[in-house]
Structure formats: structure tokens, C-alpha cells
Amino acid sequence: MKHSTNQQTRRGRGPARRIGRTLAFVLPVVLVLSGTLAVTRVNWSGSPSDPVLTAADTSASAGTPRAAKRAPQDILRDRLLTELQEENPGVALTHLQQAVNGRPKLAKHCASIARALGQAAVRVYGPTRAQSYARPVCDTSFATGVAAAHG
């Protein structure tokens with residue numbers, strides 16, 4: 001009689017035991033994969049590699065109150081002006097185009113950013129060399145900035 005009771009008890013725990021075993025195998029695999037994916041998305045180099053900046057860019061606004069956070073277009077403009085000085089206007093214009101392509105909401109600020117880049121390029125490179133970097137990013141606003149700074 002004892003044997004039949006054990007079989008009945010095992011059958012009662014059967015589905016729960018199977019579910020528990022499945023979870024015990026699947027859950028760690030899912031956690032490892034999601035952790036691995038999360039780690040690969042983090043920029044560990046410390047320098048921004050993505051030209052598109054988010055509104056929640058913590059590196060530019062760390063320690064500032066919420067009301068004092070800068071707008072994404074202002075952060076992007078400042079970053080591109082730094083790139084213009086460290087690299088060249090062509091790199092900054094390429095990253096501006098990539099940023100606008102990646103975040104269409106930045107398109108309305110593209111012309112003013114490109115003009116600011118053109119004006120800064122004249123200060124850094126002179127009018128002739130600055131004009132050599134002009135290309136049709138944001139409806140030739142870079143060239144307009146160069147002309148405005150030169151004239």
C-alpha cells in the first residue's frame with residue numbers, strides 16, 4: 001500500500017516539479033543573456049562615441065538640478081563646437097547630420113547649429129579654409145555662418 005501512496009504523491013508534485021526544473025534552467029540563462037546585452041550597450045571608454053545625445057545626458061548635466069538641465073540641441077552644439085576645434089569642421093558636420101538623422105526632433109535646430117559651426121570655423125581656420133569644409137548639411141547653413149562671420 002505504501003508504494004501506491006508514493007506514486008500518487010509524486011504525480012501530485014509532477015507538474016510543479018517540472019515547472020520548477022524548467023525555471024531553474026531557463027531563468028539563469030535569461031539573466032546571463034540580458035546582463036551580457038546590458039553590458040555591451042554601456043560605453044566603457046568614457047568618451048561619447050554616439051553622435052546623438054539624449055536629453056538625459058548625465059555626463060553634461062551631472063549634479064545640476066532638474067530645472068537647470070540643458071536642452072539636447074545645446075548639448076549637441078557645444079559638443080560639435082569642441083569637435084570642430086579638436087578635429088575639423090568636416091567631422092563636426094558629419095556628426096551633426098548623423099544626429100539629425102538619428103533624432104528628427106533636432107532638425108529644427110540644425111540650421112542654427114550649422115551656422116554656429118560655420119562662424120566658429122572662421123575663427124579657428126580662417127574664412128577660406130572654413131569655406132572649404134562647406135557641404136549641404138541643413139540647407140547650406142554652415143556656409144551662411146562662414147559668410148556671416150567673414151563679412
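Note that this is a predicted model, so its numbers are computed, not measured.
- With values rounded to the nearest 0.5 angstrom, Arg123 atom CZ is found 7.5 Å from Leu81 atom CG.
- Across every non-hydrogen atom of Val146 and Ala130, the tightest pair is CG2-CB, 4.1 Å.
- Residues that satisfy the salt bridge (Lys or Arg N to Asp or Glu O under 4.0 Å) test with Arg77, not counting sequence neighbours, are Asp74.
- The shortest non-hydrogen separation linking Phe142 to Ala134 is CD2-CA, 3.6 Å.
- Here the CG atom belonging to Leu96 is positioned 10.5 Å from the CZ atom belonging to Arg79, to the nearest 0.5 angstrom.
- Qualifying side-chain contact (heavy atoms from CB on, under 4.5 Å) partners for Thr94, counting only residues two or more places apart in sequence or in other chains: Gln98, Arg135.
- Val91 is linked by a side-chain contact (heavy atoms from CB on, under 4.5 Å) to Glu83, Glu87, Asn88, His95, counting only residues two or more places apart in sequence or in another chain.
- Among residue pairs with one or both ends in residues 116-138, those qualifying as ring pair (Phe, Tyr, Trp, His ring centres under 6.0 Å) are Tyr125-Tyr133; sequence neighbours excluded.
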Mind listing the side-chain donor-acceptor pairs of residues 107-122 below 3.5 Å, one per line with the distance, residues two or more places apart or on another chain?
residue : atom : partner : partner atom : Å
Ser112  : OG   : His109  : O            : 3.0

